[in-house]
Structure formats: C-alpha cells, structure tokens
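In what follows, a single structure is set out as structure tokens and then discussed.
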Amino acid sequence: MSMFSLFVSSATTTRRMDDFISAVERIEAENPGLQMLDVVKGLRKAAGFETDLIKRHLGDLSDARDFATEPSVISFLSKVINHSISQLGQEEGVVLTLDGSNVVLAPVLLGLEAGLQSTIQGLYPLTLTENLVASLVYYAHNEQSSAPLGTKGFWDSIKSPKVYTLSGLPSLATDALITGGMDGFILGSEVATSDLRELSLSDLLKSYYSHQLDAAGLDAAPRLISQNRRMNLKKVVSFSLLKSQVVQALTVRRNLNESERKRLDDVVNEGFEQFVHVYAVCPKIITRSQWGAASFIGSPSYLSLPVPYLFIHHTYQPSKPCTTFEQCASEMRSMQRYHQQSNGWSDIGYSFVAGSDGNLYEGRGWNWVGAHTYGYNSRGYGVSFIGDYTSNLPSRSAINMVRYDFTSCAVNGGRLSSSYSLYGHRQATSTDCPGNAFYREIQTWERYQSYLP
C-alpha cells in the first residue's frame with residue numbers, strides 16, 4: 001500500500017496540519033509540473049472557495065487547474081479548507097499544528113495567493129482586516145451573546161484531533177481564524193519578496209509548520225517557522241495601517257445614526273486594542289482545555305488584581321526542557337496529576353508554566369489563587385520553567401518569553417502591578433528553586449528585588 005492510499009484512510013478523519021500537507025503532496029505527485037500558485041489556486045477551486053472579496057483582489061478561478069486525483073481527496077480538501085462555525089460551537093476548517101496552534105487554512109491560502117500574484121494590497125483584507133471587521137460589527141449588535149474576537153477552542157484529542165469546539169462566548173474572528181490570518185500575512189509577504197515561491201507548496205508548509213526543535217528550543221531554530229509567528233508578524237504588518245483599514249471598512253459599511261456610530265467606534269477601538277494585546281504583546285498562551293487539564297477540585301479562590309509580586313520557579317521534575325506542544329502538554333498533565341493526587345492540592349500549583357517550545361501554558365491562570373509560593377499565593381503569580389536549572393539555564397527564548405513578553409502582557413492587561421517586584425521561589429521559603437544557575441540569572445532581571453517583605 002502506498003503512502004498516498006494510506007493517507008485517504010487515516011487523514012480524512014483527523015485534522016492535523018500534517019494531514020493537509022500529505023494531501024497537498026499527493027496532489028503535487030499526481031499533477032506534476034505545477035508551480036506553487038497553480039496548486040494554491042487549484043486547491044481553492046477544488047474546495048469551491050470564492051467570494052466577492054476574493055474575486056476583487058485575486059480575480060476569478062477561470063484559469064485554475066482541475067486536479068487529477070481521487071474524489072475522497074477532493075472531499076477532504078473541501079472539508080478542511082472551508083471555514084464555518086456550527087450552532088453547537090464546532091469550528092470547521094481548522095487544523096492542529098505541531099506547535100499547538102489551531103489554524104484556519106483559508107486565510108493561509110489566500111495570503112499565499114496574494115503574495116504569489118504580487119497583489120500585496122490584497123494581503124490585509126484577505127487575511128485579517130475583513131475578518132476583524134465582520135467580528136466587531138457582529139459583536140456591536142450581539143454583545144450579550146458573543147465576544148469581540150479571539151474565541152479559543154479545544155480538540156477532542158491532541159493525538160488524533162477530529163472535532164474542534166469553541167470555549168466561551170463565540171466570535172466571528174476566532175483565535176484559529178486570526179492565527180491563520182497571521183500565517184497567511186507572513187507567508188504571503190515572504191513569497192512576494194523572496195525565492196521561496198520556487199518551492200513546492202508542500203515543502204514551504206513543511207518548513208514553516210513541521211520544524212522539529214532540538215534541545216536548544218527556539219534559540220537555534222530558523223526564523224520562518226510557526227513558533228516565531230508573533231515575532232514575524234510584528235516585522236511585516238503595520239498595525240496603524242491595519243487599524244485604518246478596519247475603520248475605513250466600517251465607514252463605508254452602512255448608514256448609522258450618531259449613537260450607533262459612537263458605539264461602533266468604541267467597539268472598534270477596544271476590539272483592536274484587544275487584538276494587538278493578545279496577538280502582538282502577549283506570548284502564545286495554551287489554555288487549560290488545550291493541554292487537557294483535569295478540573296479544579298472544589299472551588300477556586302480569586303486574586304485581587306493587579307498583584308504586586310512575580311515569583312520564578314523551575315519544575316525540577318520534569319528535569320528536562322520540553323520542545324514540542326505534545327510533550328509539554330503531557331508534562332503539564334503529569335504535574336497536575338502529581339499536585340492533585342500526591343500533594344492533595346486542588347489543582348496544578350503554578351499560575352503559568354513556560355515550555356521551551358515557544359508556548360506559555362496556563363496553570364491556575366490570571367484569576368485563581370495558586371499554590372506556588374507559601375505565604376504569598378494570594379499576592380502574586382508563580383511562573384515555572386519546565387526543567388531542572390541547578391546548573392544550566394532555560395533556553396534564551398523561554399527566558400525572554402517570560403522576562404519580556406509575559407510581564408508586558410500581564411502589566412498591559414492590568415493583572416500585574418506596573419510597579420511589581422520579582423523574586424526567586426527560594427526567597428520566600430527554604431528551597432533551592434529555581435535552581436542555582438537560574439537564580440543567578442533572574443538577579444539580573446529588571447524588577448528583581450533582594451528583599452521580600
């Protein structure tokens with residue numbers, strides 16, 4: 001049995017980026033001699049994916065290729081490219097990537113097509129602007145039953161993802177749709193200005209989404225990979241231009257009276273601020289439901305925000321850094337099991353946990369009192385780094401994610417006091433945590449204090 005026939009039996013049911021890339025490889029093998037643009041347009045045609053907005057920026061599909069392949073492959077492509085949200089809150093057209101991101105494929109392909117056609121002015125509306133506009137307008141009219149943007153979700157299984165369900169109030173620009181838009185913008189910008197367009201589509205997607213990190217984490221990784229999405233977006237997107245496009249799109253949208261216009265202006269300003277905060281200021285945060293957390297035992301106590309202290313920990317056990325989403329998520333579940341079952345705690349003790357995979361993992365999160373630093377749990381966040389840092393340091397990228405991105409995110413979001421103090425766990429109790437080597441490192445951080453009141 002060939003790898004291609006294996007694909008049809010397994011990949012038609014799971015929703016991983018690798019499944020989509022396998023389908024693209026099959027298309028490329030069965031239709032030799034195609035350029036990347038031919039494949040991208042052909043995929044859109046196979047999925048029947050065309051709107052007035054797309055036609056305006058990319059033209060129609062009259063010259064797109066019909067692929068020679070099995071109907072089951074076309075059926076899979078159509079399901080995985082077309083984006084929708086069901087009334088049950090299930091989001092279709094989403095795939096799970098190796099780095100733990102949930103990505104809607106449609107804006108990725110549209111961004112690539114715009115870049116390959118060198119219609120760079122189409123990049124903003126096709127990947128981000130129009131989705132943000134639609135979501136904010138919908139929210140302005142449905143504030144009780146929706147969110148402005150960025151609704152996250154979770155898979156029925158991390159190992160074999162098939163169904164992706166939204167958690168919390170829905171939004172039209174979900175987290176997965178925005179993430180796909182970011183990737184479409186980044187990849188479209190890259191193919192427009194480099195020789196990456198000479199690659200096959202499957203090779204470009206593999207190099208971006210399937211890069212395996214080694215023990216050095218992101219420190220030794222190439223620049224153009226999905227784990228560096230936030231960093232790369234900030235280099236290529238103009239947030240002021242994006243905002244002016246959102247405002248302009250709303251101006252021409254409809255006739256509104258003065259109070260409706262004022263309300264929409266407020267929603268747009270607040271919503272855009274939230275977009276920048278979550279996707280450009282904060283690190284990528286993997287939610288509890290995304291890493292497969294068990295429920296909190298009992299009822300949590302709530303922090304009074306903003307908190308004045310930040311405590312740095314290492315896990316000690318697990319002693320090695322984790323460099324993939326699947327591995328880090330598994331470590332989170334085992335730590336939570338240990339904290340709940342062996343220690344008898346209500347939940348994993350830490351507020352957040354830093355992996356070496358580029359992700360920050362939600363423990364007790366922004367609002368719940370943790371069990372990380374005896375005597376100070378109700379007055380601070382405890383952030384732990386997966387690994388034993390007695391004689392080595394975490395990867396520089398993991399350090400920077402907490403030292404700069406997490407603290408900016410926490411202060412900017414009103415959760416951590418702008419005059420916060422930073423400490424090592426050992427300053428509050430008799431412990432070696434966060435390890436000798438790492439403790440020396442955090443003593444050089446901006447808000448480190450030698451005295452803990």
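All values below were derived from every heavy atom in this structure, side-chain atoms included, with hydrogens, water molecules and symmetry-related copies excluded.
- Under the side-chain contact (heavy atoms from CB on, under 4.5 Å) criterion, Ser408 pairs with Val281, sequence neighbours left out.
- Applying the side-chain contact (heavy atoms from CB on, under 4.5 Å) test to Asn142 and every residue at least two apart in sequence or in another chain returns Tyr138, Ser145, Ser146.
- The aromatic rings of Tyr309 and Phe311 lie perpendicular to each other, with more than 60° between the two planes, well past the 30° mark.
- Separation of the Phe76 and Phe20 ring centroids does not fall under the 6.0 Å cut-off.
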Take Arg229 and Asp183 through the side-chain contact (heavy atoms from CB on, under 4.5 Å) test and state the conclusion after the steps. CA-CA 7 Å; Arg229 175 184 295 114; Asp183 287 346; 2.6 Å; yes

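- Checked by atom type and distance alone, the side chain of Tyr124 pairs as donor or acceptor with a backbone atom of Ser238 at under 3.5 Å.
- When all heavy atoms of Thr315 and Ile386 are compared, the closest pair comes out as OG1-CA, 3.6 Å.
- Proximity of a side-chain donor or acceptor of Thr179 to a complementary backbone N or O of Val103 within less than 3.5 Å is not detected.
- One N or O on the side chain of His372 and one on the backbone of Gly380 form a donor-acceptor pair closer than 3.5 Å.
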Take Thr174 and Asn102 through the test side-chain contact (heavy atoms from CB on, under 4.5 Å) and record every step on the way to the result. CA-CA 10 Å; Thr174 60; Asn102 304 298; over 6 Å; no

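- Between the side chain of Asp266 and the main chain of Arg263, no donor-acceptor pair closer than 3.5 Å is present.
- For Tyr316, the OH atom counts as loosely surrounded, since its 6.0 Å shell holds 12 or fewer non-hydrogen atoms of other residues, nucleotides or ligands.
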Distance-only check: which donor-acceptor pairs under 3.5 Å involve side-chain atoms of residues 335-345, not counting sequence neighbours?
residue	atom	partner	partner atom	Å
Gln336	OE1	Ala294	N	2.8
Gln336	NE2	Ala294	O	3.0
Gln336	NE2	Asp347	OD1	2.8
His339	ND1	Gly349	N	2.9
Gln340	NE2	Ser295	O	3.1
Gln340	NE2	Ser346	O	2.9

I would like to know whether His313 and Thr373 meet side-chain hydrogen bond (donor to acceptor under 3.5 Å, both in side chains); could you show each step before the answer? CA-CA 9 Å; His313 300 247; Thr373 312; 3.2 Å; yes

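- Put simply, the side chain of Lys234 gets close to the backbone of Ala280: a donor and an acceptor are under 3.5 Å apart.
- Between Tyr279 and Asp175, the side chains place a donor N or O and an acceptor N or O closer than 3.5 Å (distance only, hydrogens not considered).
- In this structure, Glu143 places its CD atom where more than 12 heavy-atom neighbours from other residues, nucleotides or ligands lie under 6.0 Å away.
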Worked check of side-chain hydrogen bond (donor to acceptor under 3.5 Å, both in side chains) between Asn436 and Thr390: CA-CA 5 Å; Asn436 290 337; Thr390 305; over 6 Å; no

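- Considering every non-hydrogen atom in both Ser356 and Ser395, the closest pair reads OG-OG, 3.9 Å.
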Can you list the steps and then say if Tyr439 with Asp432 is a side-chain hydrogen bond (donor to acceptor under 3.5 Å, both in side chains)? CA-CA 9 Å; Tyr439 183 59; Asp432 289 335; over 6 Å; no

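- For Lys284 (side chain) and Asp99 (main-chain N/O), a donor-acceptor pair under 3.5 Å exists by modelled atom type.
- Remark: side-chain polar atoms of Arg415 are not paired, donor with acceptor, to backbone N or O of Leu305 under 3.5 angstrom.
- Atoms CG and CZ, from Asp357 and Phe325 in turn, are 8.5 Å apart once rounded to the nearest 0.5 Å.
- Taking the six-membered ring where tryptophan is involved, the planes of Tyr389 and Phe385 are perpendicular, since the angle between them exceeds 60° and thus also 30°.
- Without hydrogens or angle criteria, Arg447 side chain to Tyr420 main chain gives a donor-acceptor distance under 3.5 Å.
- Side-chain atoms of Gln427 come within 3.5 Å of backbone N or O of Gln449 as a donor-acceptor pair.
- Side chain of Gln290 to backbone of Gly153: a donor-acceptor contact under 3.5 angstrom is found.
- Within the 6.0 Å centre-distance limit, the rings of Tyr381 and Trp366 are counted as a close aromatic pair.
- Between Leu123 and Ser189 there is a side-chain heavy-atom pair separated by less than 4.5 Å.
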Verdict with reasoning, Lys159 to Glu326, per salt bridge (Lys or Arg N to Asp or Glu O under 4.0 Å): CA-CA 8 Å; Lys159 284 198 185 313; Glu326 206 167 297; 2.9 Å; yes

